[in-house]
Amino acid sequence: MNKFKLILVTLLAVSLTACFPSNNSAKKEILLQGYTMGTTYNIKVVATTEEVEALDLQKKIDTLLEAVNQEMSTYIPDSEISRFNDIKSLEPVEVSPGFKRVLAESIRLGKLSGGKLDITVGPLVNLWGFGPEHRPEKVPSDELLANTRLRVGLNNLHLDDNKLSKDIPDLYVDLSTTAKGYGVDVVAELIEANGIHNYLVEIGGELRLKGFKHTGELWAIAIERPIFDPLGDHRAAQQVIIPKDNAVATAGDYRNYFEADGQRFSHIIDPDTGKPINHNLVSVTVIAPSSMTADGLSTTMMVMGAEEGMKFAIKNDLAVLFISKAENGFHEEFTVKFKQYLK
Ligand code: ADP
Ligand code: MG
């Protein structure tokens, strides 16, 4: 949900003329594009033009994504999440089914990772200048950091069926790390429910795909080579993967950061220190059936760093690619489970 969210995963170039042959009743790749969650979405469905128009698919997608934002965006003052964050009462509040689904998965991943993924880190994200509040571009004092850390901790948040409660009045829940993936999942489910089974859904670099392109080939995805390139004009493909019927999520911190005192500060916070991560891991790509899970897991291992992240990936039997900065360029490592998806 970050405005500056890097788009790390790019789709392989497909010529638009090839997508739109003149025969309207032939199945082809139809591109639906728009804006959501402070970023763009790109959806390809393999269908006929009449089908997509008759289904009013783009309108349904936009309505659905607006509803997701209205539940989970901390950028919207009267969203469900913002209202929960504003309430000072410790009484349980009823949450809507979508919000509950994202909360439950985020809390599960938080526990699985020993607290490395922590949806209550919001105050620290804001303190370091990456949230909805103003970016300070300076390093906070130790005292301010210690005071802010008192407001953080997954153990202060409780989800009991559809009731959500907090132990401290100032707790702040931030679903930036799983909500975009959730958006991808619900759009994919909507497309399926409308009878389309060959598609690719991408929101701000998180994607999920199913079936085949109109040519009968499997979808191929290029994972971008990370370059410290603020202008973004030196992108190059690193790996091509064929993820089959899965989601692909990449966490990376090389475009969303600020610099102060000659140091780079990432927008990803290590809950164990309260500070932005500071290691040589530059991106983590996860392939998994659910985009929400892949999204959360990629950030989780980004917090952990390459060594701990790899242990976590092996222990949990995950398909993961780690790209780290090495002395001369970049170093890649992937799990056995990831290898099967390499082209
Ligand atoms: P990335 O592509 O780098 O994973 P995301 O937007 O998916 O980016 O997630 C990063 C966002 O998640 C940050 O901007 C912040 O709001 C939030 N965040 C930062 N650190 C953590 C953490 N340890 N646990 C959960 N959320 C975090
Ligand atoms: Mg992420």
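When reading the values below, keep in mind they use all heavy atoms of this one structure, side chains included, and skip hydrogens, waters and symmetry mates. Each ligand, and each atom within it, is numbered from 1 in the order the structure gives.
Ligand 1 is approached by T250 to a heavy-atom distance shorter than 4.0 Å. Using 4.0 Å as the threshold, M302 has no heavy atom nearer than that to any atom of ligand 1. Using a non-hydrogen distance threshold of 4.0 Å, S298 does not register as a contact of ligand 1.
Ion pair D270/K116 flagged as a salt bridge, since at least one NZ, NE, NH1 or NH2 atom sits closer than 4.0 Å to an Asp/Glu carboxylate oxygen. Using a 4.0 Å cut-off between charged nitrogen and carboxylate oxygen, E80 and R83 do not count as a salt-bridge pair. Under a 4.0 Å N-O distance rule, the pair K180/D295 does not qualify as a salt bridge. Taking 4.0 Å as the cut-off between side-chain N and carboxylate O, K343 and E217 do not count as a salt-bridged pair. A salt bridge links K88 with D170: the distance from a Lys NZ or Arg NE/NH1/NH2 to an Asp or Glu carboxylate oxygen falls below 4.0 Å.
The part of V303 lying near ligand 1 is the side chain, judged by heavy-atom distances below 4.0 Å. Residue-level proximity to ligand 1 for D295 is carried by the side chain, the only part with a heavy atom below 4.0 angstrom. Both the backbone and the side chain of L117 come within 4.0 Å of ligand 1, counting heavy atoms alone.
Every atom of ligand 1 with a heavy atom of K180 under 4.0 Å away is listed here by number and element: 6 (O). Taking every non-hydrogen atom of P271 and a distance limit under 4.0 Å, the qualifying atoms of ligand 1 come out as 23 (N).
No option in I242, I223, I241 other than I241 meets the side-chain contact (heavy atoms from CB on, under 4.5 Å) test with L342.
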